[in-house]
Amino acid sequence: MEEGIWGTWFDLNTKVRSSHVKWLHNEYLPELSAQPGIAWAAHFELHPEIYAKQRDRLVHTKDPIGQAMQHLVLVGAVSSNLFFHTNSPLEKKNQSKATRERLAERQEVRWFVGREEFRVNGPEYGASVPGGAPGPCIQMGTFNMTTPEWEIGLGQWYEQLRYPQFARSGSCIRMRKLLGVAGWAHHSVIYEFTSNEERAANMEGAKDAAHNEWGEKIIQQTVHSPGSPVIGIRKWPK
């Protein structure tokens with residue numbers, strides 16, 4: 001089972017977008033997926049307009065980090081330690097010249113390496129492939145808490161309310177809570193759904209009084225990465 005996840009957010013100039021995505025799907029991601037210790041790789045096209053109203057309520061960091069909001073590549077590995085190994089795909093020395101040239105096309109790059117803290121399977125878990133890439137639609141947040149005390153509050157909210165809610169929410173495939181081991185964010189959560197339409201219709205909690213009261217207190221104490229939470233539609237694998 002994959003325990004480590006490496007995420008890379010990036011934008012692409014219109015002049016290279018088509019060729020870069022073609023290379024990503026036909027060469028880079030298949031080759032990456034075949035490396036020892038890698039469980040899966042996936043490319044998501046991001047749609048910041050979908051979650052704009054909710055996102056605008058949140059505090060986002062002003063730290064000088066990449067502002068990308070177009071594309072997200074997620075890579076799952078048997079352990080987050082793999083990304084720090086001598087053979088890590090993060091290391092430029094392990095990348096071909098052609099790969100380095102392609103990666104240099106990316107703009108406003110931001111990255112994160114996380115270790116899975118907890119996962120919850122939803123009612124549509126049967127739509128997943130064991131050990132496979134995340135579902136067709138994801139909602140992913142990356143953030144920090146304002147104080148150590150609120151770290152405890154966050155954990156309590158997830159454990160006592162959010163996990164049980166997600167487990168019974170229709171069209172939800174799986175939820176992964178990650179702890180950051182490298183990168184700006186200390187926390188991340190990936191919700192997986194069968195489609196964006198089902199995500200919008202069945203993400204339980206939005207009309208729940210307890211969720212609104214407790215969750216609102218938690219939200220007020222979070223500082224998010226640029227564009228977080230993102231809504232992503234999986235483009236590879238199909």
Visitor: What is the distance from atom CG of Leu58 to atom OG of Ser228, rounded to the nearest 0.5 Å?
Guide: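 Between atom CG of Leu58 and atom OG of Ser228 there are 7.5 Å.
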Visitor: Kindly state each residue pair satisfying salt bridge (Lys or Arg N to Asp or Glu O under 4.0 Å) with at least one member in residues 179-196, sequence neighbours excluded.
Guide: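 Sorted pair list: Arg174-Glu192, Arg176-Glu192.
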Visitor: Could you measure the distance from the CG atom of Leu154 to the CD1 atom of Ile218? Nearest 0.5 Å is fine.
Guide: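 Atom-to-atom, Leu154:CG and Ile218:CD1 are 6.0 Å apart.
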Visitor: Taking all atoms of both residues into account, what is the closest heavy-atom pair of Phe84 and Val113, and its distance?
Guide: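 In this case the closest contact between Phe84 and Val113 is CZ-CG1, 4.1 Å.
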Visitor: Enumerate the side chain to side chain donor-acceptor pair (under 3.5 Å) contacts for residues 229-238, please, sequence neighbours excluded, ordered by first and then second residue.
Guide: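 Of all non-adjacent pairs touching residues 229-238, none passes side chain to side chain donor-acceptor pair (under 3.5 Å).
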Visitor: So if you build clusters from Ile, Leu, Val, Met, Phe, Trp, Tyr with side-chain heavy-atom gaps below 4.5 Å, do Phe193 and Tyr125 land together?
Guide: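 As far as the 4.5 Å side-chain criterion goes, Tyr125 and Phe193 are not connected within one cluster.
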Visitor: Using every non-hydrogen atom in the two residues, find where Arg55 and Pro48 come nearest and quote the distance to one decimal.
Guide: NH1-O, 2.7 Å
Visitor: With heavy-atom distances below 4.5 Å as the criterion, would you say the side chains of Trp23 and Thr99 are in contact?
Guide: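 Yes, their side chains come closer than 4.5 Å.
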Visitor: Hey, could you give me the CD/CG distance between Gln156 and Leu161, rounded to the nearest 0.5 Å?
Guide: 12.0 Å
Visitor: Can you pull out every salt bridge (Lys or Arg N to Asp or Glu O under 4.0 Å) where at least one residue sits in residues 7-16? Sequence neighbours excluded, please.
Guide: none
Visitor: Which class fits the ring pair Tyr191 and Phe166: parallel under 30°, tilted 30 to 60°, perpendicular over 60°?
Guide: tilted
Visitor: With a 4.5 Å heavy-atom cut-off, do Met175 and Gln165 have their side chains touching?
Guide: no
Visitor: Begin from the C-alpha positions of Lys92 and Arg100 and carry the test side chain to side chain contact (heavy atoms under 4.5 Å, CB included) through to its verdict.
Guide: CA-CA 7 Å; Lys92 288 187 177 182; Arg100 292 196 297 272; 4.1 Å; yes
Visitor: Kindly determine whether Trp150 and Thr222 satisfy side chain to side chain contact (heavy atoms under 4.5 Å, CB included), including the steps that lead there.
Guide: CA-CA 9 Å; Trp150 280 106; Thr222 59; over 6 Å; no
Visitor: Go through the steps for Gln35 and Glu31 under the test side-chain hydrogen bond (donor to acceptor under 3.5 Å, both in side chains), then give the verdict.
Guide: CA-CA 7 Å; Gln35 292 186 18; Glu31 292 172 2; over 6 Å; no
Visitor: Describe, in one word, how the ring planes of His25 and His43 are oriented to each other, choosing from parallel (under 30°), tilted (30 to 60°) and perpendicular (over 60°).
Guide: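 Tilted.
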Visitor: Are Val73 and Trp111 close enough that some pair of their side-chain heavy atoms sits under 4.5 Å apart?
Guide: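 Side chain of Val73 against side chain of Trp111, heavy atoms only: no contact under 4.5 Å found.
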Visitor: What are the two closest non-hydrogen atoms of Ala42 and Ala133, and how far apart are they?
Guide: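 Result for this residue pair: CB-CB, 4.0 Å.
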Visitor: With the side chain counted from C-beta on, respond yes when Asn13 and Gln107 share a heavy-atom pair under 4.5 Å apart, and no when they do not.
Guide: yes
Visitor: The criterion is salt bridge (Lys or Arg N to Asp or Glu O under 4.0 Å); which residues satisfy it with Arg102, sequence neighbours excluded?
Guide: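 Once residues adjacent in sequence are excluded, the partners of Arg102 under the salt bridge (Lys or Arg N to Asp or Glu O under 4.0 Å) criterion are Glu105.
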Visitor: Once rounded to the nearest 0.5 Å, what's the spacing between atom CD1 of Ile219 and atom CZ of Phe143?
Guide: 10.0 Å
Visitor: Could you tell me if the side chain of Ser19 sits less than 4.5 Å from the side chain of Lys22, heavy atoms only?
Guide: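 No, every pair of side-chain atoms sits at 4.5 Å or beyond.
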Visitor: Whether the side chain of Arg110 engages the backbone of Pro226 through a donor-acceptor N/O pair (distance < 3.5 Å, no angle test) should be reported.
Guide: yes
Visitor: Are His187 and Glu151 close enough that a side-chain donor and a side-chain acceptor fall under 3.5 Å?
Guide: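 A pair is found: one side chain offers a donor N or O, the other an acceptor, under 3.5 Å apart.
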Visitor: Do you know which two heavy atoms are closest between Ile173 and Gly135, and how far apart they sit?
Guide: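 Answer, listing the atom of Ile173 first, then Gly135: CD1-CA, 4.0 Å.
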Visitor: Go through the structure and list residues passing ring-ring contact (aromatic ring centres under 6.0 Å, His included) with His60, not counting sequence neighbours.
Guide: His224
Visitor: Sequence neighbours left out, what pairs pass salt bridge (Lys or Arg N to Asp or Glu O under 4.0 Å) with at least one residue falling in residues 117-133?
Guide: Glu2-Arg119, Glu116-Arg119, Glu117-Lys177
Visitor: In Å, rounded to the nearest 0.5 Å, how long is the span from NZ of Lys93 to OG1 of Thr86?
Guide: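 Reported value, rounded in 0.5 Å steps: 5.5 Å.
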Visitor: Looking only at non-hydrogen atoms, find the nearest pair between Pro89 and Gln95 and report the distance.
Guide: O-NE2, 3.0 Å
Visitor: Would you mind reporting whether His186 and Met145 have side-chain heavy atoms less than 4.5 Å apart?
Guide: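 The answer is no, as the side chains (C-beta and beyond) never meet within the 4.5 Å cut-off.
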Visitor: For residues Thr61 and Ser225, report the shortest heavy-atom separation together with the two atoms involved.
Guide: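 Where Thr61 meets Ser225 most closely, the heavy atoms are CG2-CA, 4.3 Å.
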Visitor: May I ask you to test the Gln221-Glu149 pair for a side-chain heavy-atom distance under 4.5 Å?
Guide: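 No, too far: nothing below the 4.5 Å cut-off.
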Visitor: Supply the atom-to-atom distance Ser79 OG to His85 NE2, rounded to the nearest 0.5 angstrom.
Guide: 10.5 Å
Visitor: Taking only residues two or more places apart in sequence, or in another chain, which ones meet Glu108 in a salt bridge (Lys or Arg N to Asp or Glu O under 4.0 Å)?
Guide: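 In terms of salt bridge (Lys or Arg N to Asp or Glu O under 4.0 Å), with neighbours along the sequence ignored, Glu108 is linked to no residue.
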Visitor: With sequence neighbours left out, what residues match Phe118 under ring-ring contact (aromatic ring centres under 6.0 Å, His included)?
Guide: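 In terms of ring-ring contact (aromatic ring centres under 6.0 Å, His included), with neighbours along the sequence ignored, Phe118 is linked to Tyr163.
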Visitor: Count the heavy atoms belonging to other residues, nucleotides or ligands that lie under 6.0 Å from NZ of Lys53, then report whether that count exceeds 12.
Guide: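 Count not over threshold, so no.
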Visitor: When you look at Ile233 and His47, which way does the side chain to side chain contact (heavy atoms under 4.5 Å, CB included) test go after all the steps?
Guide: CA-CA 8 Å; Ile233 306 300; His47 292 269; 3.7 Å; yes
Visitor: Through direct or indirect side-chain contacts below 4.5 angstrom among Ile, Leu, Val, Met, Phe, Trp and Tyr, which residues connect to Phe112?
Guide: Ile5, Trp9, Trp40, Phe44, Leu46, Leu72, Leu74, Ile138, Met140, Leu178, Ile190, Val230
Visitor: Linking directly or through intermediates, with side-chain heavy atoms under 4.5 Å: list the remaining ILVMFWY members grouped with Val223, chain and number order.
Guide: Val59, Ile65, Trp184
Visitor: Fit a plane to each ring of Phe10 and His71, take the angle between them on a 0 to 90° scale, and name the class: parallel (under 30°), tilted (30 to 60°) or perpendicular (over 60°).
Guide: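 Rings of Phe10 and His71: parallel, under 30°.
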Visitor: Using the test side chain to side chain donor-acceptor pair (under 3.5 Å), find all partners of Glu198 that sit at least two apart in sequence or belong to another chain.
Guide: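 Only Asn202 meet the side chain to side chain donor-acceptor pair (under 3.5 Å) criterion with Glu198.
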Visitor: Check which hydrophobic residues are tied to Ile50 through side-chain heavy-atom contacts below 4.5 Å, counting indirect links as well, and list them.
Guide: Tyr51, Ile231
Visitor: Going through the checks in order, is the side chain to side chain contact (heavy atoms under 4.5 Å, CB included) test met by Val109 and Leu103?
Guide: CA-CA 10 Å; Val109 177; Leu103 295 180; over 6 Å; no
